[in-house]
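Have a look at the structure below before the remarks.
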Amino acid sequence: MGKYDTTTLRNLGIVAHNSAGKTSLVEAMLFNTGMAEKLGKVTDGSSLMDFEEEEIKRGMTLGASLNHCVWNGYNLNIVDTPGVSNFLHDTRRCLRVLGGAVVIVSAISGVKSQTRKIWEWCDQFEVPRIAFVNKMDRERADFLKAVDDMEKSLGARSAIVTMPIGAEEDFRGTIDLVRMKARLYEFDEAGTYKEVDIPQELEEEAQRLRLLLVETVAEADDELMEKYLDDEELTEEDLLRGLREGTLTGVFTPVFCGSALANVGVRQLLDYIVACLPSPIDKGTQVGTLPDSDEVVERQPSEEDPFSAMVFKTVNDPFAGKLSMIRVYSGTLKPDTVVFNPNRDEKERVGHIFKMAGKEQQDVESAVAGEIVALPKLKYTATGDTLCDVQKPVFYEPLVPLKPIISFALESAKKGDEDKIYTGLQKLMEEDPTLRVVREEDTHEMILSGMGQVHLEVAVERLKRKYGAAVTLKEPKVPYRETIRASAEVQGKYKKQSGGRGQYGDVWIKVEPLPRGSGFEFVDKVVGGVVPRNYIPAVEKGIIEAMKTGPLTGSQMVDLRVTLYDGSHHSVDSSEMAFKVAGSMAFKKAMESCKPTLLEPVMSMEITVPDDCMGDVIGDLNSRRGKVSGVEPQANAQTIRAEVPMAEVLRYAPELRSMTSDRGMFSMEFDKYEEVPSHQTAKILAEQEKA
């Protein structure tokens, strides 16, 4: 394949909540443009875009996939993005580099919370959008209700460009309000239609919507507004120019309709994608900095500028190896070129350059500004990194990964697989930066964290399929801490005679509580050499080791001060080991009088739910011993901020999904440790005894 002209490029993402029909729309686009020989379907596993085993099994998109096609001389790079809340982080990374987006609105269910979140990211990254009301042929389909929901939920101003002819089983086609022509479809999946005059019974409604379209479009352009106010008729060319201007500036969102699964309205949508959505030239200058500097550097979307690109996705392909998906911002990249990665301060050799077609790769001779391509087998490069000209470097700020919201402990299904598990997890984390793996020191568990239970289940399935490492997920142990509520002064004396040289260490310590979060403090107040200076560190070490196992649950002890103020020694029998044991003995003895208590980790949570679910969610948080600190209104939603004990929200993701019919979203992070109520402590200790 040859290179593309940047002005004819359209980089677009297909976005929406799960089951809105994103993959079906992409399949129809590929079929209509001749990129696919038949209309692929998710339901029978013939989709070109959902090709991973886990996607076929679940019937949903779990990771962004790329393809490309040509329509009327325009080159389209299409990204099919996930809509499941567990995988929206992949959608976010793609939106960072895309030029435009097609937002699908279901004619049945309207807008869901996932689409609202995606819309916010489109605003954040200044991504122009058009909307496609899908599933017009399905039961309960309502076009105008879906448009109204889009306006209310997303705060979008719509500009209806195509209207449906009928709905549900009576859906027959669409009316183009720019050209004022109707298309009646055969519903043969080939997209066959005949163009006719607008049916008489719909003429009045079409004229009404056409007038609204003209008014909306005229507002996007001063020249068109002047013409409109002078009662001059806006031509088809005028409307197309105004539609493009309004889309690029975000004044309004053009709305289209059809059925992706039946391949109705898709060719019209393709016409308006090339007419309304931006080329890389329209997106303009990309701003970065010099590596290790705050000096601003600009790169133009031109072949003549120095090469620069950003890696927005990484895939480990079983045959091609590691593939780094890049969006080229400037310059030209050719095979066998050395590029610079300022994030790693490393040079990389680019061997081949691929265009992605689902799971297939196609060799290309070069990649110019604006293109989206894949580079195989880069040694150092990771998702979010910049690649640039060695002589004229630039650094683009990467996205900060979203914080994980749920964690599970990993248990190996086979002994001796630990290395294989760790290697596989490292590969998975290369692909997905929102996955985190840590070894919990307190519980000695390997903890896998991610964006939801399905996210982690899919990661475990891929770990076994790709890397042969079988693990099971189990609820992690809560990393409790222990502290004290009272002070005590005790003696720890270690004396041992066993023939020959004995062991002797004698200390007096005072143990007292500190404010929450203070940690551990050791104070040396020994005077007169009663405990020799060289043995004092051994006393501290013995105390620190004793603190690792608290008297209640065996958890780490925190937030206390130990003062060493007296003791005695023996000129022959004293040793570091003896004083270490004496320190440990004294600390354990002190715990008998210091009223030990249990501390639990408390999470700071931010939960966004629809208005009608707020009462249920707040009531549920209260039942989990949560403390609501504030509620902030959003568009048709509420954001609740709360502090909740970790033990109460280990499985919160599926429970919130159930409470809100999959319309709620949340994030959480560790905030602090707080004392466990006495009744709860008794329950925890009883459960521990049973275990």
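Here, residue 1 is the first one in the sequence, and each next residue gets the next number. Model, not experiment: these values are computed from the prediction.
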Check: [Y] and [X] side chains under 4.5 Å, non-hydrogen atoms:
| X | Y | result |
| --- | --- | --- |
| S667 | K403 | no |
| K420 | T423 | no |
| S412 | E418 | yes |
| L473 | E457 | yes |
| D282 | L248 | yes |
| T91 | Q114 | no |
| L448 | S407 | no |

Passing option when [X] is tested against [options] for side-chain contact (heavy atoms from CB on, under 4.5 Å):
| X | options | answer |
| --- | --- | --- |
| L375 | T381, L333, V311, V339 | L333 |
| M150 | V133, T253, V103 | T253 |
| V460 | T472, L410, L425 | L410 |

Distance-only, no hydrogens or angles: does the [X] side chain make a donor-acceptor pair with backbone N or O of [Y] under 3.5 Å?
| X | Y | answer |
| --- | --- | --- |
| K414 | V471 | no |
| T115 | H17 | yes |
| D305 | Q300 | yes |
| T162 | C257 | yes |
| R299 | T285 | no |
| E430 | T314 | no |

Can you name the residues that form a salt bridge (charged side-chain N to carboxylate O under 4.0 Å, His left out) with E461, not counting sequence neighbours? K57, R58
Would you please name every residue forming a salt bridge (charged side-chain N to carboxylate O under 4.0 Å, His left out) with R436, sequence neighbours left out? none
Shortest non-hydrogen separation from [X] to [Y] and the atoms involved:
| X | Y | answer |
| --- | --- | --- |
| A20 | A16 | CB-CB, 3.7 Å |
| Q453 | N86 | N-OD1, 3.4 Å |
| M35 | C69 | CB-CB, 4.2 Å |

Run the ring-centre check on F132 versus F256 and record whether the distance is less than 6.0 Å. no
Y329 and Y396: aromatic ring centres closer than 6.0 Å? yes
Assess whether a salt bridge exists between [X] and [Y], defined as any Lys/Arg side-chain N lying under 4.0 Å from an Asp/Glu carboxylate O.
| X | Y | result |
| --- | --- | --- |
| R465 | E52 | yes |
| E54 | R462 | yes |
| D90 | R93 | yes |
| D432 | K313 | no |

Tell me if the NZ atom of K427 is crowded by more than 12 foreign heavy atoms within 6.0 Å. no
